[in-house]
Structure formats: C-alpha cells, structure tokens
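Any value given below was found using the heavy atoms of this structure, including those in side chains, with hydrogens, waters and symmetry copies removed. Every chain is numbered from 1, with letters handed out A, B, ... down the list of sequences.
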There are 2 protein chains.
Amino acid sequence: MNKVFKALSDPTRRKIIEYLKERDMTAGEIANYFDISKPSISHHLSILKNAELVLWEKDGQNVIYSLNTTVVQEVMKWFFDLREGN
Amino acid sequence: MNKVFKALSDPTRRKIIEYLKERDMTAGEIANYFDISKPSISHHLSILKNAELVLWEKDGQNVIYSLNTTVVQEVMKWFFDLREGN
DNA sequence: AAAGTATTTAGATGTTTATTTAAATATCTA
DNA sequence: TAGATATTTAAATAAACATCTAAATACTTT
C-alpha cells in the first residue's frame with residue numbers, strides 16, 4: 001500500500017492515471033501528452049506498474065497500458081475506513 | 001490537491017491520520033506512538049496542516065490535532081471520478 | 001539483413017525530503 | 001519570577017527522487 005501512495009504522490013503519474021481512465025494507451029501515446037522525455041515517462045510508468053496501479057500488455061513493438069481498477073478500489077477503501085464509525 | 005497526495009505519501013503521516021480518526025490528540029500524544037523524535041513528528045504535523053488534512057487548536061501549552069474530514073472527502077472524490085462512466 | 005520505430009535501461013545531476021540535535025518560544029505551576 | 005513541560009524552528013546531513021542524455025533491446029518493414 002505504501003508503494004501505491006508513493007506512486008500517487010507525483011502529479012505526472014496522477015495525470016497518466018487520469019488519461020488511462022479514458023482509454024488504454026501505448027507508452028508513446030502517453031508520453032506525447034507530456035513535455036518531459038520518454039525515458040522519464042517510462043520511469044513513471046514503471047513506478048505505476050510496480051504499485052500495480054496500471055496493467056500492461058505487449059502488442060508488437062508497443063506496450064499498451066491500462067488502469068488497474070482493483071488497486072484503485074483498494075486505495076479507496078483506505079479512505080472509506082477513515083470515516084466515522086469504521 | 002498535490003499537497004494532499006504528497007502529505008499522504010509518507011507512512012508516518014498516514015499512521016497519524018489513522019490515529020486521529022479514532023480521537024483528537026495533542027502533538028505529544030501523537031509523538032508517543034512513534035519511535036522518532038518530537039521535532040520530526042512536528043514536521044510531519046506541519047505538512048498535514050499545510051495540506052489541510054488536519055485541523056488544530058491551541059489548548060494551554062498543548063496543541064490539539066484533529067482529522068479534517070472535508071479534505072478527506074475531497075481526495076475520495078478524486079478516486080471516485082476514476083471509475084468508469086465518470 | 002539493414003534501417004527505422006517504440007520502449008526501456010544505465011549513469012549522471014540537481015532537488016526534495018525525512019531525520020537528528022540544539023535552540024527558541026509559549027505556557028503552566030510552585 | 002524561576003523552573004518545568006509542550007511544541008516548534010533552525011541548521012545540518014543522508015537518502016530518495018525526477019529528470020536528462022546516451023545506449024541497449026525489441027520489433028517491424030523494406
């Protein structure tokens with residue numbers, strides 16, 4: 001769970017997650033949305049992968065990333081449990 | 001919102017929040033739950049204050065901290081909006 | 001097989017962050 | 001008012017992190 005919160009603490013990574021909410025995308029497509037280098041985006045993606053916030057699949061020379069809703073749910077539970085009477 | 005996620009990225013700060021969920025506490029009481037120095041806890045509390053995740057009130061020589069449920073709700077909304085169809 | 005495209009890995013650099021000890025500030029009590 | 005307690009601020013340090021360029025790997029196309 002620490003990995004997940006650490007992953008979410010960076011604005012670029014949160015933005016990546018917001019894009020992936022809309023549709024699955026290749027690493028290159030994701031990188032095109034940002035003004036930072038592809039290696040840097042690749043690094044952010046590996047942190048998101050490691051936290052299991054995103055899933056990935058190889059498709060030829062591309063790698064397609066998608067949101068892992070299961071882990072998103074798990075983080076939400078942490079917040080839910082913060083409410084009174086839990 | 002970035003401040004909030006940054007604040008939540010540290011395990012000590014998340015633990016503080018979990019304690020404050022149970023009851024309001026003074027800085028000293030909070031510090032006693034941890035094996036790190038009081039100045040370090042004070043620093044963590046100032047980050048949580050700054051992110052408005054906690055509220056505080058002076059009571060004599062003590063400072064009483066409490067959870068700010070309003071901001072907790074706002075973060076939860078970010079996750080809710082990640083669900084399909086939002 | 002060679003050249004081109006997509007992605008990741010490696011190594012380097014500057015910044016941010018968590019922590020500590022020591023000192024400062026504020027309040028309480030005898 | 002002097003001494004004790006609670007909390008924060010300051011200054012220093014070591015570790016973690018985001019970013020870059022250059023190089024490596026993997027796949028596709030001609």
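Proximity of B/N62 to the phosphate of D/dT7: a side-chain N or O atom is located under 4.0 Å from OP1 or OP2. One finds no side-chain N or O of A/H44 lying less than 4.0 angstrom from the OP1 or OP2 phosphate oxygen of D/dC17. Put simply, A/T26 has a side-chain N or O that comes within less than 4.0 Å of OP1 or OP2 on C/dT7. For D/dA6, the OP1/OP2 oxygens have no side-chain nitrogen or oxygen of B/Y65 closer than 4.0 Å. Applying the 4.0 Å criterion to OP1 and OP2 of D/dT19, one finds that A/S37 has every side-chain N and O outside that range.
Counting all heavy atoms, side chain and backbone alike, A/E18 lies closest to B/L82 at CG-CD1, 4.4 Å.
A donor-acceptor contact under 3.5 Å is not formed by the side chain of A/Q61 with the base of C/dT7.
Linking ILVMFWY side-chain heavy atoms closer than 4.5 Å, directly or via other members, places B/I47 and B/I41 in two distinct hydrophobic clusters.
Atom C1' of nucleotide C/dT19 and atom CD1 of B/I36 are separated by 8 Å, given to the nearest angstrom. The distance between atom CG of B/L48 and atom C1' of C/dA18, rounded to the nearest whole Å, is 14 Å. Nucleotide C/dT5 holds its C1' atom 14 Å from the CD atom of A/E29, rounded to whole Å. Protein atom CG of B/L45 is 11 Å distant from nucleotide atom C1' of D/dT8, rounded to whole Å. Regarding B/I41, its CD1 atom lies at a distance of 14 Å from the P atom of C/dT21, rounded to whole Å. The CZ atom of B/R13 sits 15 Å away from the P atom of C/dT16 (whole-angstrom rounding). Note: CZ (A/F5) to P (C/dT17) measures 18 Å, nearest angstrom. The distance between atom NZ of B/K58 and atom P of C/dA26, rounded to the nearest whole Å, is 8 Å.
Listed nucleotides D/dT8, C/dT9, D/dC27 differ in distance to B/V63; the shortest reach to its side chain belongs to D/dT8. In the set C/dT17, D/dT7, D/dT19, D/dT19 carries the atom at the smallest distance from any side-chain atom of A/S40. In the set D/dT19, C/dT8, D/dT8, the nucleotide with an atom closest to the side chain of A/H43 is D/dT19. Checking C/dT8, D/dT7, C/dT27 against the side-chain heavy atoms of B/K38 singles out D/dT7 as nearest. The side chain of B/P39 lies closest to D/dT8, out of D/dT8, C/dA18, D/dC20.
The residue B/I47 sits close only to the backbone: its heavy atoms come under 4.0 Å of sugar-phosphate atoms, none of a base. Note on B/F34: nothing from the nucleic acid sits closer than 4.0 angstrom, heavy atoms only.
Both the sub-6.0 Å distance and the 45° axial angle are satisfied by A/K15 relative to the ring of A/Y19.
Each of A/D35 and B/I64 was assigned the nucleotide of DNA chain D with the nearest heavy atom; the assignment lying further toward the 5' end belongs to B/I64.
No side-chain donor-acceptor contact under 3.5 Å links B/R13 to the backbone of B/L8. Judged purely by atom type and a 3.5 angstrom limit, B/N68 uses its side chain to pair as donor or acceptor with the backbone of B/E52.
Here A/D10 does not pair with A/R14 in a salt bridge; the nearest charged N to carboxylate O distance is not below 4.0 Å.
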